[in-house]
Amino acid sequence: MCLGIPGQIVAITDVDRMMAMAEVSGVRREINIACVLDGPAELLVGKWALIHVGFAMSLIDEEEAAETLRALQELGEAQEALEAMAEGQKALEEGKP
Amino acid sequence: MCLGIPGQIVAITDVDRMMAMAEVSGVRREINIACVLDGPAELLVGKWALIHVGFAMSLIDEEEAAETLRALQELGEAQEALEAMAEGQKALEEGKP
Amino acid sequence: MNAPTLSRLRDTRVTLSHGGGGRAMRDLIDDVFATVFRPPGMEDQARLYDSALTEPGARLAFTTDSFVVTPLEFPGGDIGKLAVCGTVNDLAVGGARPLWLSAAFIIEEGTEIALLRRVAATMAAEAQKAGIQIVTGDTKVVGRGAADGLFVTTSGVGVIAPDRDMAAHHIRPGDVAIVNGVLGDHGATILAARGDLALSSDIASDCQSLGHLMQDVLAAAPATRAARDATRGGLASALNEMAEAAQVGIEIDEDALPLRTEVKGMCEILGLDPLYLANEGTLVLFVPSDQAGAALAAMRARPEGAGAVAIGHAVAGAAQVRMRTAFGGSRIVDMLVGEQLPRIC
Amino acid sequence: MNAPTLSRLRDTRVTLSHGGGGRAMRDLIDDVFATVFRPPGMEDQARLYDSALTEPGARLAFTTDSFVVTPLEFPGGDIGKLAVCGTVNDLAVGGARPLWLSAAFIIEEGTEIALLRRVAATMAAEAQKAGIQIVTGDTKVVGRGAADGLFVTTSGVGVIAPDRDMAAHHIRPGDVAIVNGVLGDHGATILAARGDLALSSDIASDCQSLGHLMQDVLAAAPATRAARDATRGGLASALNEMAEAAQVGIEIDEDALPLRTEVKGMCEILGLDPLYLANEGTLVLFVPSDQAGAALAAMRARPEGAGAVAIGHAVAGAAQVRMRTAFGGSRIVDMLVGEQLPRIC
Amino acid sequence: MKFASEFRNPKAAQAVLARISEVADAIGATAENPVSIMEICGGHTHAIFRYGLDKLVHEGVEFIHGPGCPVCVLPMARVDECVEIAEREGVIFTTFGDAMRVPGTLKSLMQAKAGGADIRMVYSPLDALELARRNPEREVVFFGLGFETTTPSTALSIQQAAREGLKNFSVFCNHITVPEPIRALLQDPHMMLDGFIGPGHVSMVIGTHPYDFIAQEYSRPIVVAGFEPLDLLQSVLMVLEQIRDGRAQVENQYARVVPAQGNPVSLAAIADVYERRPSFEWRGLGEIDASGLRIRAKYAAFDAEEKFSVGYAAGPRHVPEPEGCSCGAVMTGRIKPTACAQFGRGCTPDTPLGALMVSSEGACAAYWQYRGARGAEAAE
Amino acid sequence: MKFASEFRNPKAAQAVLARISEVADAIGATAENPVSIMEICGGHTHAIFRYGLDKLVHEGVEFIHGPGCPVCVLPMARVDECVEIAEREGVIFTTFGDAMRVPGTLKSLMQAKAGGADIRMVYSPLDALELARRNPEREVVFFGLGFETTTPSTALSIQQAAREGLKNFSVFCNHITVPEPIRALLQDPHMMLDGFIGPGHVSMVIGTHPYDFIAQEYSRPIVVAGFEPLDLLQSVLMVLEQIRDGRAQVENQYARVVPAQGNPVSLAAIADVYERRPSFEWRGLGEIDASGLRIRAKYAAFDAEEKFSVGYAAGPRHVPEPEGCSCGAVMTGRIKPTACAQFGRGCTPDTPLGALMVSSEGACAAYWQYRGARGAEAAE
Ligand code: SF4
Ligand code: SF4
Ligand SMILES: [Mg+2]
Ligand SMILES: [Mg+2]
Ligand SMILES: [Mg+2]
Ligand SMILES: [Mg+2]
Ligand SMILES: [Mg+2]
Ligand SMILES: [Mg+2]
Ligand SMILES: [Mg+2]
Ligand SMILES: [Mg+2]
Ligand SMILES: [Mg+2]
Ligand SMILES: [Mg+2]
């Protein structure tokens with residue numbers, strides 16, 4: 001029961017009922033923003049949220065996202081370095097340049 | 001608003017609600033017999049009634065029907081007699097047998 | 001009969017899953033429809049060949065009808081039988097030899113699968129009787145309330161022999177009008193079977209294929225001008241359309257019209273005119289008077305035409321249909337305006 | 001355009017009278033349908049001739065489909081456009097040249113006559129574009145609640161040239177699978193247009209006729225083995241059916257699949273797989289690898305094939321469809337079980 | 001069909017027709033100076049055209065088609081009220097088929113049904129009652145329409161509903177009576193009728209005495225007739241014989257069905273359930289005093305006018321007849337349908353302008369259908 | 001798609017997979033003696049198969065598919081109760097699409113719909129609320145189904161309905177919680193799990209602390225993970241690293257969405273509307289203490305169990321699982337789906353026997369669809 005996807009809040013549609021318009025890849029749907037409301041609703045416009053069954057359940061922390069990606073990238077670089085080392089080692093062993 | 005047709009009462013289907021089955025040329029329909037009820041309902045079985053919008057409105061008087069037909073027939077016979085007379089007259093005038 | 005194969009179809013009613021384009025739909029088609037059609041299998045597209053097509057001068061006949069009857073099963077037939085006979089008859093009255101049928105089913109969610117099996121079986125049997133093959137088909141499922149149980153659309157392809165040219169506009173004054181049997185049975189059956197008028201009777205639909213009958217008539221009376229099946233709108237509509245197409249008058253004789261007692265009774269009760277009641281196995285054709293006897297004899301030699309009679313003839317004059325009443329009067333038999341409604345006035 | 005003729009049809013909505021077989025029905029047909037078809041007039045039966053039919057070895061192609069879409073009009077088309085394109089495409093993917101169509105209409109009481117006019121106009125325009133003639137038809141009216149506005153059933157007749165033999169069972173390992181453009185647009189459009197999921201987007205149906213495209217492909221790549229339009233059940237169902245018919249495996253490449261951002265978005269929101277979304281102007285064909293380039297070039301030269309790409313190929317082995325995921329994994333792409341339901345798990 | 005086909009014998013008809021000719025000649029009736037006989041009942045009009053009687057009888061006998069089609073004389077405003085009730089949320093509106101195509105100012109019931117109203121054709125008010133039993137959560141309204149023939153059926157249905165305590169059944173009462181419009185016609189200074197064919201099925205309910213005033217006050221013969229062609233011809237003969245003899249009596253040709261005193265059960269049911277309205281509007285004829293019935297206060301729970309506050313319960317209203325309509329002139333016998341400027345032009349059965357083109361019992365519709373369809377021959 | 005496609009980069013995946021292999025080798029994990037990691041959430045199961053992760057990772061890593069599909073663990077009796085409510089006169093029963101095909105003892109909701117029940121698929125409980133507003137004469141029931149991820153949406157909807165005073169909206173509550181079945185699994189003596197992938201979207205609501213007992217009491221590592229393939233691979237790596245290092249901690253790979261303390265608004269709404277049931281039945285797992293939620297008495301007007309007297313409000317009931325079903329063994333990781341005697345024989349997605357074949361999140365359905373469809377390859 002956990003299908004959730006990131007969507008951007010593009011407009012507040014009904015302040016009283018805490019409703020906003022969200023957009024996912026060009027597809028729009030009205031959602032409830034009660035769970036992510038913390039101050040004036042307008043401040044949410046432009047923000048990204050994790051959307052589940054028509055509710056914004058959590059604001060996406062862009063810094064944490066970048067952090068995770070950075071970690072993954074470092075892993076990749078480390079791996080490339082390791083592979084390069086391994087190839088160098090191999091070339092060395094086979095006597096090629 | 002006067003489409004009425006003769007149908008035969010073939011069975012009593014619900015004494016309390018005064019309903020019976022009527023048949024017209026092999027087609028059956030349940031009808032109300034309140035208007036023609038005058039004694040035990042079973043006595044109506046076999047009788048002919050004038051049926052209108054699902055109600056037996058009047059029992060058909062078979063003697064009166066025969067009487068009307070007889071009158072029409074007499075008219076016909078009288079007419080034939082008249083015609084025979086006219087032809088005889090004509091033949092006579094034209095000199096034929 | 002083949003031994004029953006193990007059915008993958010475990011539902012007793014059609015659900016939306018059976019229309020989704022996936023395995024459930026395949027199972028429904030394979031199990032219910034494909035097995036009874038000839039050749040087995042309801043291909044998305046049929047490839048067809050018949051030597052008659054290549055005869056110089058031969059033409060293709062192509063026709064279609066949707067069938068939407070309530071109830072789906074009724075005395076004398078079901079929607080499947082109607083769908084086969086109706087399209088076979090449309091081909092036949094045009095002078096074509098019926099060859100191939102397509103069958104498209106629109107099924108309401110919740111429809112009983114047992115009903116679909118019965119309808120498919122009727123279609124297979126009727127197609128075989130009519131000598132036509134159901135060669136391609138389609139199945140759609142719509143939500144509850146979006147259709148009335150089942151609609152069937154059949155299209156038919158036949159071949160018209162090079163020398164054959166039947167059309168209503170060929171009718172000439174003096175041509176004899178012939179029907180193959182009693183009128184109005186189908187319409188009266190459906191009125192009663194629907195149940196909302198609470199009428200019951202032993203009438204059964206006349207639904208039947210007329211392809212073989214037409215072939216026999218054309219052999220016996222090759223000069224036959226035109227034929228039409230007297231379906232929706234009844235004999236009156238068929239005759240009016242023919243009169244208009246040929247620009248001739250048509251005179252029919254009330255005394256000659258073959259009508260069952262029960263059909264007359266139903267019409268009296270509801271204030272209807274049997275001339276406008278639908279038929280599903282009754283045609284009217286026009287033959288030059290010198291071939292009328294041959295046409296009648298050919299029809300009467302078949303069970304579908306056992307009740308064949310001449311009911312009137314074409315006359316010069318305004319394009320209208322006139323009936324000599326049994327009582328000695330005469331009246332115009334016009335085209336129906338809308339649908340015929342039960343009257344009580 | 002002809003000058004507008006005086007319409008006898010004064011109603012704004014269809015009533016049961018328009019289905020009764022009488023004058024009101026004639027008026028509806030004459031006014032709404034007959035005027036836009038070519039040749040004008042919707043005859044009960046068409047008589048057809050085409051010289052290609054008499055070529056020795058030529059065969060007739062015959063197919064049918066009922067169309068039941070909700071809503072009846074949607075971004076990119078309407079039910080009439082679907083009904084023409086769908087049947088033209090069924091003929092085309094079988095290798096036939098589409099020639100003639102029949103069109104049968106089941107209309108719910110209360111349907112707006114203006115809507116019928118728009119649908120008929122779309123059909124006429126689309127038929128002309130596809131080079132096919134709507135030659136025969138039928139109209140039925142059912143009570144309110146007995147149909148969902150309008151159902152259209154078209155049947156198509158075409159001719160298959162003597163040397164042409166396309167069929168799924170001809171597919172051989174090594175053959176290249178090609179699609180003519182983006183996937184899932186129609187299915188996503190209808191999901192959004194229906195309104196009950198409250199989704200909106202700018203996606204439009206891909207609904208289009210593929211007859212001319214197929215003719216060009218067959219000229220450029222005459223060895224083309226088989227083609228199929230990826231309608232209900234989507235690309236996944238088309239490929240599975242082909243794999244099963246040819247008893248080959250099919251491998252496709254997730255990275256190669258052409259998908260619009262919005263379609264991906266809709267699938268993410270609803271937990272759907274775009275491989276199962278319906279298309280109405282998208283086909284997949286298999287070509288021997290040495291003609292794949294020619295086929296692609298021929299497709300890309302036409303607007304209907306501007307987005308043509310190779311998406312995979314047939315392989316020896318079990319008759320199943322497998323997809324290399326963009327992520328480097330691999331998974332089976334099975335046939336759908338029922339209909340694809342929006343998920344939230 | 002017993003009690004029907006015997007009265008369709010063409011051989012007997014020849015005799016009656018011959019006698020009609022004799023008597024007509026004796027009176028001196030000619031095409032130029034005909035005897036005008038009004039058949040009051042639309043059912044008779046229908047039969048005359050169906051069997052072609054108008055063309056069979058002596059040319060000195062002219063049929064004038066009376067106001068006896070309850071659908072034809074229904075004012076447009078009442079149709080509008082039907083539509084208003086039928087379109088209410090939760091209502092199942094039931095009606096005889098005849099009323100489906102009658103135009104209101106905006107639409108007919110047929111068109112309202114197409115627009116979404118739940119309107120069902122029934123054969124009998126009993127069927128409406130059964131619908132009410134089966135749909136306790138819906139309001140079932142029956143369109144009570146018709147002359148004295150039909151009035152007992154709705155009265156008995158309301159009594160039955162009351163016995164069963166049904167809360168969701170009501171009747172939109174439009175019942176009308178025959179004698180009052182006949183009196184209105186006879187009072188018309190343009191009136192030129194020589195005699196009447198009396199309505200057989202109305203009379204089986206009310207008997208023959210309610211027509212006494214026609215003979216006694218207005219000195220016109222009237223013969224209550226059956227609906228088979230021989231019934232009608234014999235009745236014409238009986239009218240002609242009265243004229244020849246200088247008599248003006250109420251005679252009963254249809255004694256097999258019509259008792260002189262009518263049907264006591266029916267009359268009692270009518271009296272129990274209905275009372276006369278002070279006045280009721282007739283299409284083409286205008287308001288006629290005491291010519292309509294309404295449901296008595298004790299059955300108000302079954303009165304759709306009260307339940308939905310429409311019609312006479314909603315206060316006065318008037319909808320003028322469409323322009324160019326000559327229905328009034330046709331119905332009073334002053335002109336033939338074909339003499340109406342609209343006949344076959346603005347007014348045809350599929351697009352009726354006036355009341356008489358609506359039902360197949362209406363004089364104009366009968367002319368169109370059985371005599372002169374498609375304008376051309378119509379105006380012959 | 002922002003915040004999604006970045007985490008599907010195959011190049012980065014190669015690096016993570018290589019590191020996983022390194023660590024797995026370091027631990028000594030082999031195909032014969034694998035490290036068993038349970039992904040609790042069905043969404044993770046789905047992603048694993050969709051991206052083919054199970055075949056990409058080192059052969060010494062085995063995924064065990066947990067009980068985290070709310071549709072799969074729904075007992076048959078609850079489906080029967082749904083059908084019972086849905087078939088009531090006047091009810092509009094609303095549900096997520098996932099639940100439509102789940103078999104009850106007699107039928108699924110899909111079949112009940114075909115049989116005439118008014119059952120509608122919605123995307124959100126908000127859509128059910130809107131249906132209730134638009135159909136005041138109907139009873140709109142929402143099938144509240146799901147773990148803590150979904151619970152706030154129904155809680156907020158009930159609060160909204162209460163604010164608006166809606167009288168015709170209710171929820172058939174089947175909300176369940178994640179920690180309790182995990183504890184039950186860990187208490188199972190047959191349990192042989194080495195670590196867990198924690199449910200990302202459940203955790204965004206409840207935070208990461210509810211899993212502390214897994215690390216502290218049962219010494220198993222758990223990493224809360226996102227749903228993109230890189231999220232999952234990174235989380236697997238993190239679990240393996242904990243194992244290699246001899247650690248057992250609650251880690252959060254999905255910090256971009258999951259706050260350690262969860263979502264306070266959601267938690268408050270849950271606490272306001274719901275309370276724990278003493279016990280709730282799980283398909284394949286049996287009754288688990290305090291694992292289900294029910295609507296508090298103050299919101300009883302919105303509780304379909306109370307309104308229709310079904311389910312726990314109707315007293316105890318039990319429907320035994322179908323014979324031959326090995327769902328329990330699969331769900332506790334004892335056997336693979338393909339080892340069930342019914343797999344691909346009595347039990348397929350179109351005719352599911354056990355719970356795990358029902359939803360595309362169920363382990364058996366996922367095996368069937370993405371790995372071994374059509375029996376043959378399935379049993380490879
Ligand atoms: S033709 Fe029409 S308008 Fe004229 S009198 Fe007849 S019904 Fe009235
Ligand atoms: S195959 Fe079916 S019965 Fe066996 S474990 Fe899986 S879901 Fe349960
Ligand atoms: Mg097809
Ligand atoms: Mg026909
Ligand atoms: Mg198809
Ligand atoms: Mg239905
Ligand atoms: Mg046809
Ligand atoms: Mg197709
Ligand atoms: Mg037709
Ligand atoms: Mg509808
Ligand atoms: Mg005369
Ligand atoms: Mg592995």
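Protein chains get the first letters and strands the later ones, always in sequence-line order, with residue 1 at the start of each.
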Among [options], which has the most heavy-atom pairs under 4.5 Å with chain D?
{"options": "G233(C), A24(C), G156(C), S102(C)", "result": "S102(C)"}
{"options": "G57(C), A61(C), A236(C)", "result": "A61(C)"}
{"options": "E55(C), Q340(C), M166(C)", "result": "M166(C)"}

Atom pair [atom1] ([X]) and [atom2] ([Y]), whose distance is rounded to the nearest 0.5 Å:
{"X": "R59(D)", "Y": "L53(C)", "atom1": "CZ", "atom2": "CG", "result": "12.5 Å"}
{"X": "N240(C)", "Y": "R23(D)", "atom1": "CG", "atom2": "CZ", "result": "7.5 Å"}
{"X": "T87(D)", "Y": "D138(C)", "atom1": "OG1", "atom2": "CG", "result": "8.5 Å"}

Contact class of [X] relative to chain C, heavy atoms under 4.5 angstrom:
{"X": "A278(D)", "result": "neither"}
{"X": "E241(D)", "result": "side chain"}
{"X": "L91(D)", "result": "both"}
{"X": "I160(D)", "result": "side chain"}

Once side chain to side chain donor-acceptor pair (under 3.5 Å) is applied, do any residues pair with S237(C), and if so which ones, sequence neighbours excluded? none

Using side chain to side chain donor-acceptor pair (under 3.5 Å) as the criterion, list what pairs up with H169(D), not counting sequence neighbours. none

What pair of heavy atoms forms the shortest contact from A147(C) to F151(D), and how long is it? CB-CE1, 4.1 Å

Smallest heavy-atom separation, F62(D) atom then F62(C) atom, equals CE1-CE1, 4.1 Å

I'd like to know if the side chain of R47(C) and the backbone of G94(D) have a donor-acceptor N/O pair within less than 3.5 Å. yes

Where the side chain of R232(D) meets the backbone of G19(C), is there a donor-acceptor pair that is under 3.5 Å apart? yes

Residue pair L60(D) / V157(C), side-chain heavy-atom distance below 4.5 Å: yes

Check whether A58(C) gets within reach of chain D through its side chain, its backbone, both or neither, counting any heavy atom under 4.5 Å. backbone

Which atoms of L99(C) approach chain D - backbone, side chain, both or neither, heavy atom under 4.5 Å: neither

Can you list the steps and then say if V68(D) with I106(C) is a side chain to side chain contact (heavy atoms under 4.5 Å, CB included)? CA-CA 8 Å; V68(D) 297; I106(C) 298 174; 4.0 Å; yes

Counting heavy-atom pairs under 4.5 Å with chain C, the top scorer among L48(D), T54(D), L336(D) is L48(D)

Residue from S66(D), S17(D), S155(D), A104(D) scoring the most non-hydrogen pairs under 4.5 Å with chain C is S66(D)

